[in-house]
Amino acid sequence: MNKVICDVCGTAYPETANVCPICGSARVSSQGAAAETEEQETTARTYVKGGRFSKKNVRSRGARGRASESPRRAPDNEEKTSKGLVAVVVLLLIAIVAVVIYIGIQFFDLDLGMNSDPADSNSTGASESQVSTDAGQSDSTDAGVPCTKLQLSNPILEFLDVSDKWTLEVEVEPLDCTEEISFVSSDSAVVTVTKSGEKAGLVQPVGNGEATITVTCGSMSAECKVSCKLAGFTDPSQPSDPTKPSGPVTGEFNFEFNTKYTDPSSGKYDTTFDQKGYVWRAYKSSLTIDPTDITWISDNPEVCTVDEKGLVTMVGPGTTEVHAQYNGKTVSCIVRCTFKASDEGSSDSDDDTQTDNNQTKTYKINKTDVTIDVDEAFYLTLKDSDGKNVDVTWTANKEGYVKIEGNKITGAKATSDISKRHVVVSCTYEGETYSCVIYVK
């Protein structure tokens with residue numbers, strides 16, 4: 001019978017068998033049927049005690065042959081093991097990345113909290129309501145604390161002397177109000193006010209008249225009514241030149257002469273001068289057009305003349321009218337000159353100016369307070385009880401602001417750079433000093 005030799009264990013078995021009877025391995029190659037005799041088989045595979053082909057060793061090799069099937073299945077198990085290891089490594093990498101991201105976010109949030117608001121640095125999980133509240137508080141702080149109430153220490157003030165002054169105190173609510181307090185005078189020719197500290201204003205009289213001081217703090221405001229009745233002061237200041245408007249003037253011609261008096265019988269403006277040569281600016285500072293655009297007329301040039309700028313010069317004794325015409329409307333003022341025809345704006349040289357030793361005479365200065373412009377002039381005189389001029393010498397307490405020529409005083413430089421904004425021109429006669437305060441604009 002033909003036999004086949006097992007490729008695994010080397011056992012010869014009949015070719016009719018599909019597997020090795022010893023190791024169980026399948027026949028993988030066709031082998032030619034070899035007619036072997038029992039002698040040849042015995043010669044090829046002789047079981048020797050303890051030898052390679054002993055029954056024990058043959059069985060062991062057969063067992064190993066059968067076990068060899070297991071390594072053939074090992075690649076599947078190894079593939080499964082490799083996939084598991086890859087999955088574990090991937091999961092570990094994902095976990096490491098997640099930890100790094102978490103630490104980075106935590107650090108980033110902490111840094112923002114330190115830069116924006118220290119109160120939030122220890123609260124990484126602050127709620128939206130807390131954030132909104134903090135933002136609202138921040139906006140309120142930036143906006144400040146508004147004023148809800150404003151009250152003045154004096155709603156009414158009255159001054160009787162130019163040297164008087166008053167500190168107007170302001171009370172505001174709430175006490176921690178952060179809005180600034182401001183002070184404004186409606187007429188700085190009557191009274192001035194300057195801020196003195198955070199909640200007070202220094203009020204000082206300047207000339208006769210009435211004015212209002214308005215105090216403002218945020219949306220709140222209060223007023224103080226001021227009345228100045230200063231001893232020795234005459235009709236207040238002359239106005240400065242108005243600014244010519246850039247465009248055409250429209251509407252009604254609301255012109256006012258520079259006097260607060262009106263004639264009760266005619267209702268016209270009315271003013272009186274007792275000095276020959278005095279130059280009067282006929283318009284007030286409220287004029288909004290160029291005075292050269294107005295037509296000026298004097299009914300009697302022998303009493304007073306008026307030039308194209310509205311400057312009226314007193315020429316002789318008498319009464320006349322000066323008219324201002326513009327856009328078909330006329331406004332008139334009665335001008336009264338009460339000085340004598342012999343007055344020339346300086347003292348007379350005849351015997352009438354001498355003092356009668358047998359009679360006590362009184363003297364009076366014709367002006368105690370005057371406001372003029374640069375290059376504007378007026379006459380300053382001292383008269384006795386008979387109304388006659390006295391020969392005196394006038395001097396100014398500060399040089400360069402006025403020019404003195406006898407009794408004629410001319411503005412030379414604005415007095416705005418002087419602390420009290422005026423100079424004093426005075427004379428001394430028979431032991432008495434007579435002074436005039438002059439503001440030069």
Check: Taking the side chain as C-beta and beyond, is there a heavy-atom pair between Q204 and V206 under 4.5 Å?
Finding: no
Check: Which heavy-atom pair separates E179 from G218 by the least distance, and what is that distance?
Finding: OE1-CA, 3.4 Å
Notebook entry, point to check: Which of these, T371, D373, N258, sits in a side chain to side chain donor-acceptor pair (under 3.5 Å) with R281?
Noted result: D373
Next item on the list: Salt-bridge test for K229 and E158: reply yes if a basic N is under 4.0 Å from a carboxylate O, no otherwise.
Entry: yes
Note to self: When you compare the side chain of Y269 with that of V322, does any pair of heavy atoms fall below 4.5 Å?
What the structure shows: no
Next item on the list: May I ask you to test the I438-C436 pair for a side-chain heavy-atom distance under 4.5 Å?
Entry: yes
Next item on the list: Measure the CD1-CD1 distance between I101 and I96 for me, rounded to the nearest 0.5 Å.
Entry: 12.0 Å
Note to self: Within the structure provided, determine whether T393 and C427 are in side-chain contact (heavy-atom separation under 4.5 Å).
What the structure shows: no
Check: Which heavy atom of M220 sits nearest a heavy atom of T148, and at what distance?
Finding: CE-O, 3.6 Å
Check: Counting only N and O atoms by type, is there a donor-acceptor contact under 3.5 Å from the side chain of S221 to the main-chain atoms of T216?
Finding: no
Next item on the list: Find the distance between OH (Y379) and OH (Y278) and round it off to the nearest 0.5 Å.
Entry: 13.0 Å
Note to self: Over 60° means perpendicular and under 30° means parallel, so tell me whether F273 and W280 are parallel, tilted or perpendicular.
What the structure shows: tilted
Margin query: Taking the side chain as everything from C-beta on, heavy atoms only, tell me whether N208 gets closer than 4.5 Å to D369.
Written below: no
Margin query: Looking at S185 and V193, would you say the former's side chain and the latter's main chain have a donor-acceptor pair under 3.5 Å?
Written below: no
Notebook entry, point to check: So, the side chain of T178 versus the backbone of V145: is there a donor-acceptor pair under 3.5 Å, distance only?
Noted result: yes
Check: What residue among V392, V370, V425 forms side chain to side chain contact (heavy atoms under 4.5 Å, CB included) with L380?
Finding: V425
Note to self: Taking T381's backbone N and O only, do any of them form a donor-acceptor pair with N407's side chain (distance below 3.5 Å, no angle check)?
What the structure shows: no
Note to self: Donor-acceptor check, side chain of N397 to backbone of V424, threshold 3.5 angstrom: yes or no?
What the structure shows: yes
Check: Do T320 and C304 come within less than 4.5 Å of each other through their side chains, counting heavy atoms only?
Finding: yes
Check: In Å and rounded to the nearest 0.5 Å, what is the CD to CG distance from E321 to D270?
Finding: 9.5 Å
Next item on the list: Give, for atom CG of L157 and atom CG of L152, the distance between the pair rounded to the nearest 0.5 Å.
Entry: 9.5 Å
Next item on the list: Check I404 against W394 and note the closest heavy-atom contact, atom names and distance.
Entry: CD1-O, 3.6 Å
Margin query: When you compare the side chain of E430 with that of V390, does any pair of heavy atoms fall below 4.5 Å?
Written below: no
Item checked: Nearest atoms (heavy-atom pairs only) where G316 meets C337 -> O-CB, 3.2 Å
Notebook entry, point to check: Do you know which two heavy atoms are closest between N389 and K383, and how far apart they sit?
Noted result: OD1-NZ, 2.7 Å
Note to self: Run Y401 and D417 through side-chain hydrogen bond (donor to acceptor under 3.5 Å, both in side chains) and show every step you take.
What the structure shows: CA-CA 10 Å; Y401 293 93; D417 60 344; 3.2 Å; yes
Item checked: Aromatic ring pairing F255/W296, orientation class (parallel under 30°, perpendicular over 60°, tilted between) -> perpendicular
Notebook entry, point to check: What's the shortest heavy-atom distance between I372 and E376, and which atoms?
Noted result: CD1-O, 3.5 Å
Notebook entry, point to check: Would one find more than 12 heavy atoms of other residues, nucleotides or ligands at under 6.0 Å from atom NZ of K195?
Noted result: yes
Check: To the nearest 0.5 Å, how far apart are CZ in F257 and OG1 in T271?
Finding: 10.5 Å
Notebook entry, point to check: Roughly how far apart are L202 CG and T167 OG1, rounded to 0.5 Å?
Noted result: 5.5 Å
Next item on the list: Could you check if a side-chain atom of D299 sits within less than 4.5 angstrom of a side-chain atom of H323, using non-hydrogen atoms only?
Entry: yes
Note to self: Can you confirm whether E405 is buried at CD, in the sense that more than 12 heavy atoms of other residues, nucleotides or ligands lie under 6.0 Å from that atom?
What the structure shows: yes
Checklist line | Donor-acceptor contact present, side-chain T415 to main-chain V440, <3.5 Å | finding: yes
